[in-house]
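What follows is a single structure, written as structure tokens, with notes after it.
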Amino acid sequence: MVKFKFFVEDEYGDEFFENLINRLKNENLIPRDVVIDARRLPADCNTKIDRAIRSALTFGFDRVVLVIDGDGNPKEKRESAELHIPPEFKDRVDLIVFEYEAEEWLCKSLKIRYGSYTKPSKALNNWLRNNKGREYYKRDLPKFVSDLDLNFLLSQDKEFKNLIKILKLIRN
């Protein structure tokens with residue numbers, strides 16, 4: 001059994017990732033004995049992140065996964081996050097950095113276009129309004145796990161593939 005602590009930037013990302021991990025287990029894409037505890041990231045770029053990582057890895061978790069919105073600049077966000085990983089734990093901390101935000105996995109799965117002028121959450125909202133007659137709210141994020149096209153994401157999305165590798169403990 002491997003215990004993962006996820007720190008997720010998105011307000012509803014903790015529940016989204018817990019639902020996603022359960023679905024990945026049910027579909028035999030990751031080992032059933034993987035255990036995760038997902039929590040909201042303490043804050044963007046401050047010493048609380050360092051302390052949260054230290055605490056998780058000192059008190060019972062095998063690995064930490066930081067899930068961060070790239071906000072259109074994932075390289076810069078990744079580099080910034082890496083500065084907060086304590087050196088002695090670098091080999092036990094992984095990063096998932098979205099190009100924009102978690103909703104991009106939903107947009108890719110539902111074939112919804114988004115880009116530099118339209119964030120995935122906005123594109124998803126527009127699509128829902130036009131196709132389902134309803135609005136998208138961030139609190140809805142965990143409900144959409146069943147809409148993810150896992151096979152498509154596995155074949156087409158670098159960060160999703162990275163997530164699966166992390167959870168299977170396959171190193172790059």
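Residue indices begin at 1 and follow the sequence shown. Since this is a predicted model, take the numbers as computed values, not measurements.
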Taking everything shown except [X] itself, do over 12 heavy atoms lie less than 6.0 Å from its [atom1]?
X	atom1	answer
K138	NZ	yes
R113	CZ	no
E135	CD	yes
K90	NZ	yes

Please check: side-chain N/O of [X] versus main-chain N/O of [Y], any donor-acceptor pairing under 3.5 Å?
X	Y	result
K25	V34	yes
S155	N151	yes
S109	L148	no
N125	Y136	yes
N162	K158	no

Worked verdict on R134 versus D140 for salt bridge (charged side-chain N to carboxylate O under 4.0 Å, His left out): CA-CA 12 Å; R134 69 182 202 86; D140 296 332; 3.6 Å; yes
Given side chains that start at C-beta, do those of L66 and D94 come closer than 4.5 Å, heavy atoms only? no
Heavy-atom side-chain contact between D71 and K77 under 4.5 Å: yes
When you group the ILVMFWY residues by side-chain heavy-atom contacts below 4.5 Å and let the links chain together, are [Y] and [X] in the same group?
X	Y	value
I49	L95	yes
L154	L163	yes
I53	L41	yes
V65	V35	no
L169	L24	yes

Would you sort out whether W105 and F98 count as a ring-ring contact (aromatic ring centres under 6.0 Å, His included), showing the intermediate values? CA-CA 9 Å; W105 285 353; F98 292 106; 4.8 Å; yes
Closest contact, heavy atoms only, [X] versus [Y]:
X	Y	answer
D50	H84	OD1-ND1, 3.2 Å
L150	E27	CD1-OE1, 3.6 Å
I96	E159	CA-OE1, 3.3 Å
T118	A123	CG2-N, 3.6 Å

Approximate separation, where rounding is to 0.5 Å, of R92 CZ and I85 CD1: 12.5 Å
To the closest 0.5 Å, what do you measure between CG (D37) and CG (D14)? 9.0 Å
Centroid separation F144 to F16 less than 6.0 Å: no
Return the orientation label for the F6 and F17 ring planes: parallel under 30°, perpendicular over 60°, tilted otherwise. tilted
On the ring face of F152, is K111 found with NZ or CZ under 6.0 Å from the centre and within 45° of the axis? yes
Could you check E103, E104, E101 and say which one makes a side-chain hydrogen bond (donor to acceptor under 3.5 Å, both in side chains) with S121? E101
